[in-house]
Asks: 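Right, I'll just put the structure down here and ask away after.
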Amino acid sequence: MINLYKKKIRGDSSSVKVEKWLKNHGLSYNVITSNDITPATIRKMLTLSEKGFEDIISSRKKAKKTWEKLGLNDTHFEFLSTQDFMYFISENPCLLKSPIIFNDRYLISGYNSDEIRVFIPRNQRIIYNDKII
């Protein structure tokens, strides 16, 4: 099952593109909202990520208002254990990137038309003019 984490905010065009893409390809998915984020969900995301927290946390530059609202800067996280950081994120899911798409094998943050194709089952992929659609 494909899981889609998205924030409930206006102007999140990447989440809209991902949902449209999933629907157009007939793929079923489960929407995860901020209320559904738990340390276990974050642990699952981290096990699938290549760069760990960097793949799922909004950079301070991109989420400056959110970080300032929480009174945070980069040094706040240096001495947290992984377990404590996962708990902190579950309590403050506004720190997560949006969208984050994952299943049992893959995780992608943001919308990338090339990368998202990993969610199409191999037997359903069609090659058209040297491109998988």
Side-chain angles (χ1 to χ4, degrees):
M1 171 62 87
I2 298 170
N3 296 291
L4 168 62
Y5 167 73
K6 66 178 192 169
K7 294 179 183 176
K8 291 184 177 180
I9 57 172
R10 289 184 185 191
D12 188 3
S13 61
S14 293
S15 292
V16 172
K17 288 178 185 177
V18 167
E19 280 197 280
K20 183 177 178 180
W21 187 91
L22 291 169
K23 288 176 184 175
N24 286 343
H25 287 83
L27 301 172
S28 59
Y29 60 96
N30 178 41
V31 174
I32 299 173
T33 63
S34 298
N35 297 334
D36 304 320
I37 295 295
T38 64
T41 307
I42 295 165
R43 180 179 294 112
K44 177 67 176 174
M45 290 178 187
L46 290 173
T47 61
L48 297 167
S49 71
E50 291 182 15
K51 298 178 185 174
F53 286 108
E54 187 179 328
D55 284 343
I56 64 171
I57 299 293
S58 293
S59 68
R60 186 166 183 253
K61 196 174 196 176
K62 287 185 178 179
K64 187 177 179 183
K65 288 181 184 179
T66 302
W67 284 62
E68 288 174 353
K69 189 169 110 178
L70 294 172
L72 302 173
N73 62 42
D74 297 334
T75 59
H76 280 91
F77 306 115
E78 286 181 17
F79 301 104
L80 285 177
S81 68
T82 302
Q83 189 69 28
D84 289 342
F85 198 22
M86 288 188 300
Y87 180 77
F88 183 79
I89 295 167
S90 70
E91 294 294 313
N92 299 283
C94 57
L95 295 173
L96 290 171
K97 291 180 179 181
S98 180
I100 299 174
I101 313 110
F102 63 100
N103 63 10
D104 290 336
R105 298 179 71 196
Y106 306 105
L107 177 132
I108 299 172
S109 55
Y111 175 76
N112 181 311
S113 61
D114 292 329
E115 291 179 7
I116 197 168
R117 292 179 293 182
V118 298
F119 296 106
I120 299 174
R122 186 176 300 267
N123 62 352
Q124 292 179 7
R125 295 180 193 166
I126 301 169
I127 298 176
Y128 181 75
N129 289 341
D130 297 326
K131 280 189 122 181
I132 300 172
I133 57 171

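Here the structure is a predicted model, which means the values were calculated and not measured.
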Asks: Side-chain contact, heavy-atom cut-off 4.5 Å: F119 with Y29?
Replies: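 No, their side chains stay 4.5 Å or more apart.
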Asks: Less than 4.5 Å apart, side chain to side chain, heavy atoms only: is that true for L46 and M86?
Replies: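 Contact flag for L46/M86 side chains = yes.
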Asks: Distance check, rounded to the nearest 0.5 Å: L22 atom CG versus I120 atom CD1?
Replies: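 Rounded to the nearest 0.5 Å, the CG-CD1 separation comes to 9.5 Å.
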Asks: What residue pairs, at least two apart or across chains, pass salt bridge (charged side-chain N to carboxylate O under 4.0 Å, His left out) with a residue in residues 19-37?
Replies: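 Passing the test, one end in residues 19-37: K6-E19.
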Asks: Does anything in residues 95-110 form a side chain to side chain donor-acceptor pair (under 3.5 Å)? List the pairs, not counting sequence neighbours.
Replies: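 Sorted result for residues 95-110: D12-S98, S15-S98.
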Asks: Flag the pair P121 / L27 as yes when at least one side-chain heavy-atom distance between them is below 4.5 Å, and no otherwise.
Replies: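 Side-chain contact under 4.5 Å: yes.
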Asks: If two hydrophobic side chains count as joined below 4.5 Å and joins carry through other members, does Y87 share a cluster with I42?
Replies: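 No; I42 is not reachable from Y87 via cluster members.
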Asks: Would you say F102 and I32 make side-chain contact, with heavy atoms under 4.5 Å?
Replies: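 Yes. Closest side-chain heavy atoms under 4.5 Å.
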Asks: Hydrophobic cluster membership, with links at side-chain heavy-atom distances under 4.5 Å among I/L/V/M/F/W/Y: are V31 and I2 in one?
Replies: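 Same hydrophobic cluster.
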Asks: Is any side-chain heavy atom of I101 closer than 4.5 Å to a side-chain heavy atom of E115?
Replies: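 No; the side chains remain at least 4.5 Å from each other.
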Asks: Heavy-atom distance under 4.5 Å between the side chains of L95 and F88, does that happen here?
Replies: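 Answer yes - side chains close enough.
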Asks: Return the set of residues passing side chain to side chain donor-acceptor pair (under 3.5 Å) with T47 (not counting sequence neighbours), or none when no residue passes.
Replies: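 T47: no side chain to side chain donor-acceptor pair (under 3.5 Å) contacts found.
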Asks: Quick one: does any side-chain atom of K7 pair with a main-chain N or O of S34 as donor and acceptor, under 3.5 Å?
Replies: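 Not at all, since once roles are kept as given, no pair shorter than 3.5 Å links the two residues.
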Asks: Rounded to the nearest 0.5 Å, what separates atom NZ in K44 from atom OG1 in T38?
Replies: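 Here the rounded value is 12.5 Å.
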Asks: Hey, mind stepping through Y5 and T41 against side-chain contact (heavy atoms from CB on, under 4.5 Å) and telling me if it holds?
Replies: CA-CA 10 Å; Y5 167 73; T41 307; over 6 Å; no
Asks: On a heavy-atom basis, which atom in G110 and which in V18 lie closest, and how many Å separate them?
Replies: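 So the two residues come closest at O-CG2, 4.5 Å.
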Asks: Are there more than 12 heavy atoms of other residues, nucleotides or ligands under 6.0 Å from atom CD of E91?
Replies: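 Above 12, so yes.
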Asks: Quick one: CD1 on I57 to CG on L96, what's the gap to the nearest 0.5 Å?
Replies: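 So the CD1 of I57 and the CG of L96 are separated by 5.0 Å.
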